[in-house]
Amino acid sequence: MLARSTISFGAGPERPGQVRHPERPAPRWPTVGRRLSTFEGMTSMGRTQLYLVRHGEQDPASGHGPEGGLSRLGSEQADRLGRRLRTTPFAAVHHSPLARAVQTAEVVAHHLPQVPRHACDFITDRTPVPSAAQRSRYPGRWHAWLDGVPHDERDEDAVALQAAVDHFGVSGDSDRRELLITHNFVIGWFVRHVLDAPQWRWIGLNQDNCAITIVQWESGRPPALVSFNDTGHL
């Protein structure tokens, strides 16, 4: 704490007609070491962090079908992910209902035994595709590829994916961390959203299997990208 100065420069003799002012009170400074959000008159706000994880590697023998589970490498990736996250205080684990995500969540759960987990359709495998009215917002070089997206994966104008962002991307009165085990393009859409990038820019934001991307919401501030495709545990 800074000590109040005891140096006096002296007032000198009074002049005729001079008005003497009473001593001004010492300024009140906030206590050193407090968080900025807890200064007098300010309210502490909660922060939400979503840990976005792509499932482990799918068994190549499954032909990448929706019922295909993890390969041996995929199971090892999931175990390494669980070890990395075992001390993180998650409120919940949400996972896609597809087999490769379910199995990833099961392996991770061995390291997070007290954390509730459940399947969540918000984060199932989806690919954003533009409607006819929005097609011009995507570079022409991607049109043929987008036209070939399977019907059951198509999310026209990302309506379902934006609903997922709106569902999870909220902040409350306390800090909260949640783990979402999902798919490549779902994570790409979340990252595109928090960066306020063009609608098509989820393309190319690829995730490694069981890598960690963290996005954050905090009251009064725009959403933020904390980390992207962290593979340090793999």
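Below, all heavy atoms of this structure are taken into account, side chains as well, without hydrogens, waters or symmetry copies. The model shown is predicted, which means the values in this text are computed figures rather than measured ones. Along the sequence shown, the residues carry numbers beginning at 1.
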>> Using the side-chain hydrogen bond (donor to acceptor under 3.5 Å, both in side chains) criterion, which residues pair with Arg84? Sequence neighbours excluded.
In response: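 Partners of Arg84 under the side-chain hydrogen bond (donor to acceptor under 3.5 Å, both in side chains) test: Asp230, His233.
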Answer with yes or no whether the hydrophobic clustering places [X] together with [Y]; edges join I, L, V, M, F, W, Y residues whose side-chain heavy atoms lie under 4.5 Å apart.
{"X": "Val165", "Y": "Ile203", "result": "yes"}
{"X": "Val191", "Y": "Ile214", "result": "no"}
{"X": "Val102", "Y": "Val93", "result": "no"}

Heavy-atom closest pair, residues [X] and [Y]:
{"X": "Leu234", "Y": "Ala211", "value": "CD1-N, 4.1 Å"}
{"X": "Arg177", "Y": "Pro89", "value": "NH1-CG, 3.5 Å"}
{"X": "Ala197", "Y": "Arg192", "value": "O-NH1, 2.6 Å"}
{"X": "Leu146", "Y": "Pro128", "value": "CD2-O, 3.7 Å"}
{"X": "His183", "Y": "Asp125", "value": "CD2-N, 3.3 Å"}
{"X": "Phe122", "Y": "Ala164", "value": "O-CB, 3.5 Å"}

> What pairs of residues pass the ring pair (Phe, Tyr, Trp, His ring centres under 6.0 Å) test when at least one of them lies in residues 83-114, not counting sequence neighbours?
Replying inline: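 Qualifying pairs, neighbours excluded: Tyr51-Phe90, His94-His118, His94-Phe168.
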Taking C-beta and beyond as the side chain, do [X] and [Y] meet within less than 4.5 Å on heavy atoms?
{"X": "Ile187", "Y": "Leu180", "value": "no"}
{"X": "Leu70", "Y": "Thr104", "value": "yes"}
{"X": "Trp189", "Y": "Arg126", "value": "no"}
{"X": "Leu161", "Y": "Val186", "value": "yes"}
{"X": "Val53", "Y": "Leu81", "value": "yes"}
{"X": "Trp202", "Y": "Thr127", "value": "yes"}
{"X": "Asp155", "Y": "Val129", "value": "no"}
{"X": "Val170", "Y": "Trp217", "value": "no"}

What distance do [X] atom [atom1] and [Y] atom [atom2] have between them, rounded to the nearest 0.5 Å?
{"X": "Arg54", "Y": "Ser96", "atom1": "CZ", "atom2": "OG", "value": "12.0 Å"}
{"X": "Asp121", "Y": "Leu98", "atom1": "CG", "atom2": "CG", "value": "9.0 Å"}
{"X": "His143", "Y": "Trp200", "atom1": "NE2", "atom2": "CH2", "value": "11.0 Å"}
{"X": "Ser174", "Y": "Arg47", "atom1": "OG", "atom2": "CZ", "value": "12.5 Å"}

> Got a sec, which residues hit salt bridge (charged side-chain N to carboxylate O under 4.0 Å, His left out) with Glu178, two or more places apart in sequence or on another chain?
Replying inline: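 With neighbours one apart ignored, the set is Arg176.
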> Do you know which of Arg100, Glu57, Gln77 makes side-chain hydrogen bond (donor to acceptor under 3.5 Å, both in side chains) with Ser71?
Replying inline: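 In the set Arg100, Glu57, Gln77, the residue that makes a side-chain hydrogen bond (donor to acceptor under 3.5 Å, both in side chains) with Ser71 is Glu57.
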> Applying the side-chain hydrogen bond (donor to acceptor under 3.5 Å, both in side chains) test to Gln207, which of Asn184, Thr213, Thr182 qualifies?
Replying inline: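 It is Thr213; the other options fail the test.
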> If you measure from the Lys or Arg side-chain nitrogens to the Asp or Glu carboxylate oxygens, is any gap between Arg80 and Glu76 under 4.0 Å?
Replying inline: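 Result for this pair is yes, salt bridge flagged.
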> Counting only heavy atoms not in Asp196, do more than 12 fall under 6.0 Å of its CG?
Replying inline: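 No, the 6.0 Å shell around CG holds no more than 12 heavy atoms from other groups.
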> Would you find more than 12 non-hydrogen atoms of other residues, nucleotides or ligands less than 6.0 Å from Arg154 atom CZ?
Replying inline: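 Counting neighbours around CZ of Arg154, more than 12 heavy atoms of other residues, nucleotides or ligands fall under 6.0 Å, so yes.
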>> Apply the hydrophobic cluster definition, ILVMFWY joined by side-chain contacts under 4.5 Å directly or through others, and give me every member besides Leu73.
In response: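 Taking Ile, Leu, Val, Met, Phe, Trp and Tyr as members, Leu73 stands alone, with no cluster partners.
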I'd like to know if the side chain of [X] pairs up with that of [Y] as donor and acceptor (distance under 3.5 Å, no hydrogens or angles considered).
{"X": "Ser171", "Y": "Thr48", "answer": "no"}
{"X": "Arg137", "Y": "Gln134", "answer": "yes"}
{"X": "Ser131", "Y": "Asp157", "answer": "yes"}

> Counting distance only, does the side-chain N/O of Arg221 pair as donor-acceptor with the main-chain N or O of Pro223 below 3.5 Å?
Replying inline: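 No: the side chain of Arg221 does not pair with the backbone of Pro223.
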> Hey, does the side chain of Asn229 reach the backbone of Asp208 with a donor-acceptor pair shorter than 3.5 angstrom?
Replying inline: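 Answer holds: yes.
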>> Does anything in residues 180-190 form a salt bridge (charged side-chain N to carboxylate O under 4.0 Å, His left out)? List the pairs, not counting sequence neighbours.
In response: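 Salt bridge (charged side-chain N to carboxylate O under 4.0 Å, His left out) check on residues 180-190 returns no pairs.
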> Only one of Val215, Ile181, Leu179 clears side-chain contact (heavy atoms from CB on, under 4.5 Å) with Leu52; which?
Replying inline: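 The single option meeting the side-chain contact (heavy atoms from CB on, under 4.5 Å) with Leu52 is Val215.
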> Taking only residues two or more places apart in sequence, or in another chain, which ones meet Tyr138 in a ring-ring contact (aromatic ring centres under 6.0 Å, His included)?
Replying inline: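 Once residues adjacent in sequence are excluded, Tyr138 has no partner under the ring-ring contact (aromatic ring centres under 6.0 Å, His included) criterion.
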